[in-house]
Amino acid sequence: MSFLVIFGAAPDPDGKVSDAMRRRVASALRFAQGRPDLCVIPSGGIAWRQKRDGPSEAAMMRDLLEEGGFPEGRILLEEAASDTFESACNVTRLLKVRGYRGTLWVASSAYHLPRCLLLLRILGWRVKAVRPILAQRTTLWRRYYWRLREVPAIMWDGFLALKWRILMKN
């Protein structure tokens with residue numbers, strides 16, 4: 001068995017599935033074709049900043065996976081994380097308890113994927129990226145905005161992941 005982690009994406013303000021979430025799940029579904037041993041872990045709860053009720057990001061992605069024909073029995077939810085760092089830590093706990101030590105496949109948006117891969121590497125995983133599906137209607141300004149906002153997030157989350165890994169070894 002192998003595992004693919006889909007990092008969550010905030011839903012639209014009205015609580016519906018966002019385009020980013022839909023693209024992340026679509027890239028996972030595309031990757032999963034012809035891989036009967038693959039288990040998918042959608043990750044993401046309801047972030048404190050979202051101020052909404054309703055299903056978790058992970059549950060919304062599970063529904064999209066099932067609509068896309070992915071078997072329910074091969075989906076393992078991580079619904080507690082409120083951000084990328086917590087997703088990486090929670091997935092690590094989830095898989096270590098199950099005794100899994102293999103490679104993790106990772107699906108996310110193109111701008112977000114480097115941070116996800118880095119965090120999981122720091123936490124001790126061998127990781128491989130799933131090719132993201134790119135947004136079609138994104139302006140150049142928005143593409144740079146999302147990439148630039150990742151710079152401090154990578155530094156901060158990287159620091160937290162190093163600290164978490166050191167503390168977990170003691």
Side-chain angles (χ1 to χ4, degrees), residues 1-12 15-47 50 54-138 142-143 146-147 150 153-154 157 161:
M1 174 146 310
S2 58
F3 289 90
L4 182 155
V5 180
I6 308 172
F7 278 80
D12 285 339
K16 294 201 172 31
V17 173
S18 65
D19 288 338
M21 185 183 294
R22 197 172 300 284
R23 283 191 307 276
R24 290 177 189 193
V25 171
S27 68
L29 285 168
R30 181 182 61 198
F31 177 81
Q33 292 176 353
R35 291 182 167 88
D37 68 329
L38 186 69
C39 182
V40 175
I41 305 172
S43 179
I46 298 175
Q50 290 177 1
S56 67
E57 292 172 15
M60 294 170 83
M61 290 188 288
R62 177 204 53 217
D63 294 345
L64 290 172
L65 285 165
E66 290 174 359
E67 288 170 18
F70 196 81
E72 177 184 353
R74 293 188 358 230
I75 300 172
L76 181 62
L77 293 184
E78 185 294 299
E79 296 184 275
S82 63
D83 60 28
T84 303
F85 170 69
E86 286 183 9
S87 285
C89 293
N90 292 350
V91 165
T92 294
R93 283 189 199 102
L94 191 71
L95 291 175
K96 297 262 175 161
V97 164
R98 285 171 170 69
Y100 185 72
R101 301 285 188 263
T103 299
L104 289 181
W105 292 92
V106 180
S108 190
S109 301
Y111 74 87
H112 190 236
L113 202 49
R115 178 163 43 134
C116 300
L117 294 169
L118 175 70
L119 291 175
L120 289 168
R121 281 187 185 118
I122 290 171
L123 296 178
W125 294 103
R126 288 183 308 279
V127 293
K128 293 187 178 181
V130 171
R131 188 167 45 100
I133 293 175
L134 302 176
Q136 299 299 314
R137 301 179 313 264
T138 304
R142 289 212 42 92
R143 270 186 259 147
W146 286 106
R147 282 174 174 77
E150 283 295 297
I154 286 172
D157 282 357

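- Residues L95 and L104 are in side-chain contact: their nearest non-hydrogen atoms beyond the backbone lie under 4.5 Å apart.
- Residues F31 and L38 meet the side-chain proximity criterion, which asks for heavy atoms closer than 4.5 Å.
- Counting only distance, with no hydrogens or angles, the side chain of Y100 and the backbone of T103 share a donor-acceptor pair below 3.5 Å.
- Interatomic distance, CG of D157 versus CZ of R115, reported as 5.0 Å (0.5 Å rounding).
- Heavy-atom minimum distance, R147 versus A110: NH2-CB, 4.2 Å.
- At least one side-chain heavy atom of P11 sits under 4.5 Å from a side-chain heavy atom of E57.
- The shortest side-chain heavy-atom distance between R121 and R126 does not fall under the 4.5 Å cut-off.
- Using a 4.5 Å heavy-atom threshold, the side chains of N90 and S43 count as separate.
- Under the rule for a side chain to side chain contact (heavy atoms under 4.5 Å, CB included), the partners of A26 that lie at least two apart in sequence or sit in another chain are I133.
- Checked against side chain to side chain contact (heavy atoms under 4.5 Å, CB included), C39 has the following partners two or more places apart in sequence or in another chain: M1, F3, L76.
- The minimum heavy-atom distance between C89 and L123, with the atom names listed, is N-CD1, 3.9 Å.
- Of all heavy-atom pairs between I46 and S56, the closest is CG1-CA, 4.0 Å.
- Rounding to the nearest 0.5 angstrom, the gap separating the CD atom in E150 from the OG1 atom in T84 is 7.0 Å.
- Remark: M60 CE to E79 CD distance equals 12.0 Å, nearest 0.5 Å.
- To the nearest 0.5 angstrom, R24 atom CZ is 7.5 Å from S18 atom OG.
- Here the closest heavy-atom approach between residue A10 and residue M21 is recorded as C-CE, 4.5 Å.
- Put simply, the side chain of R30 gets close to the backbone of R131: a donor and an acceptor are under 3.5 Å apart.
- The number of heavy-atom neighbours closer than 6.0 Å to NZ of K128, taken from other residues, nucleotides and ligands shown, is 12 or below.
- We find the CD1-SG distance between I6 and C116 to be 11.5 Å, quoted to the nearest 0.5 Å.
- By the 30° and 60° cut-offs, the orientation of the rings of H112 relative to F7 is perpendicular.
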Start with the C-alpha gap between E67 and L65, add the side-chain angles, then the distance that decides, and say whether side-chain contact (heavy atoms from CB on, under 4.5 Å) holds. CA-CA 5 Å; E67 288 170 18; L65 285 165; over 6 Å; no
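- Rounding to the nearest 0.5 angstrom, the gap separating the CG atom in D63 from the CD atom in E72 is 10.0 Å.
- Closest of all the heavy-atom pairs between A88 and L119 is CB-CB, 4.0 Å.
- Under a 3.5 Å cut-off, the side chain of R23 and the backbone N or O of P132 do not form any donor-acceptor pair.
- Residue L64 comes nearest to L29 through the heavy atom pair O-CD1, 4.1 Å, listed as atom of the first residue, atom of the second, then distance.
- A donor-acceptor contact under 3.5 angstrom links the side chains of W125 and T92, judged on distance only.
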